[in-house]
Amino acid sequence: MKKKLFPMLLLPLLLLAAEDFEAYPDAAALRRVWLEFDAGNPAPESVGFGTLNGKAMQVTAARDYSLLYREMENPLGAKAAGIRLAVKGDAANPADAVLTVAVRAGKGGADLGRMVIPLRSGEARTVTVPVAGLGKLDKFAVLLMFNKTGGSLTAAVDDIAVVAAEQLVVDGFAQAADSAALRQAWPGFDAGNPGPEQMELVTVGGRPAMRCVTGGRTYAVVKHAVENPAPGRASGLLIRLAGAPGNAKSGVIVFGARRDEGQPNFAEVQIVPAEKAGEYVLNSPEFAKLDRFLIVISFHKTAGQFDVTVEEVAVQCLR
């Protein structure tokens, strides 16, 4: 099955915050918005209307690979975390028939979110696609790629919309009775990778938080095991933290998540903590697949100290 990336071209001027296909008067109007990618990635042979949640876009494809795309608006701003859409295939479709949904900042850019949806069923499905960094975009491109081997494929797509993330706190600070209990919940990684010299339970804005101070150590790390509060829906992991005046400028904090201690991080971000609290998010499809995972926060520097207060750690799940 052919999968290509091509240079950025002009996108349609009509932008929508949601796509329910109800407003198009005819198939010609629909095709002025849902476009062919280019000559090497042609549109399906038939693009018109069917019924799913009311009026829907219906596609019939004889080619083994065909593609449609359009540009949409982000109405949720920084709260946006993914897109949701309704899809229905057909029991008569080829056994390997799938729809791959991809979201990009621009038509020819890298995939920020991607999901493969089987089309060998006449049952309607509503799926949610996590999209990394969607909250930073004012607009984005949605690609619908139809793949199969032989035969003919029929599919309906409806109700494409941007969705926000719900925050489910998993930090455990509120459960810690004192600083000693906090250090038990957030231990150093192992004997060769100790935690910060100082860890204490503090209060920020009336809520418990974790203060970590690393002075003489150039490397310190803590871990925290998490039972996933939203398996199947989790799309990311958020941390809110703040630094102190005079913190080291020579290093970073690495905030990561891994399946288990013996495995590398499947998602991570490097943070230079500002004095004002900031939020940082890891996005990965792996979160939805796991019943449990490990949070790892490591402090790297060559001189000076890190004095950092972690105010919240939360799983993001798409609403």
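The basis for the numbers below is simple: all heavy atoms, side chains too, and nothing from hydrogens, waters or symmetry mates.
A side-chain donor-acceptor contact under 3.5 Å links K301 to the backbone of G215.
Cation-pi geometry between K223 and F189 is met: under 6.0 angstrom from the ring centre, within 45 degrees of the axis.
Ion pairing of R211 with D307 is present here, as a side-chain N (NZ or NE/NH1/NH2) and a carboxylate O approach within less than 4.0 Å. Salt-bridge annotation for K148 and D64: present, with a side-chain N of the basic residue lying under 4.0 Å from a carboxylate O of the acidic one.
Contact detail for T149 and P94: the closest heavy-atom pair is O-CB, 4.1 Å. Between P44 and F146 the shortest heavy-atom distance is CG-CD1, 4.0 Å.
The local environment of CG in D138 is sparse, with at most 12 non-hydrogen atoms from other residues, nucleotides or ligands closer than 6.0 Å. Counting heavy atoms of neighbouring residues, nucleotides and ligands inside a 6.0 Å radius, atom CG of D291 does not exceed 12 of them.
Under 3.5 Å, the side chains of Y24 and E19 contain a donor-acceptor pair of N or O atoms.
In this structure, N265 CG and F255 CZ are separated by 10.0 Å, a value rounded to the nearest 0.5 Å.
The aromatic rings of H224 and W186 sit parallel, their planes meeting at an angle under 30°, below the 60° perpendicular limit.
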Legend entry - Audit row: I83, V101, side-chain contact (heavy atoms from CB on, under 4.5 Å) steps and yes/no: CA-CA 10 Å; I83 67 166; V101 180; 4.1 Å; yes

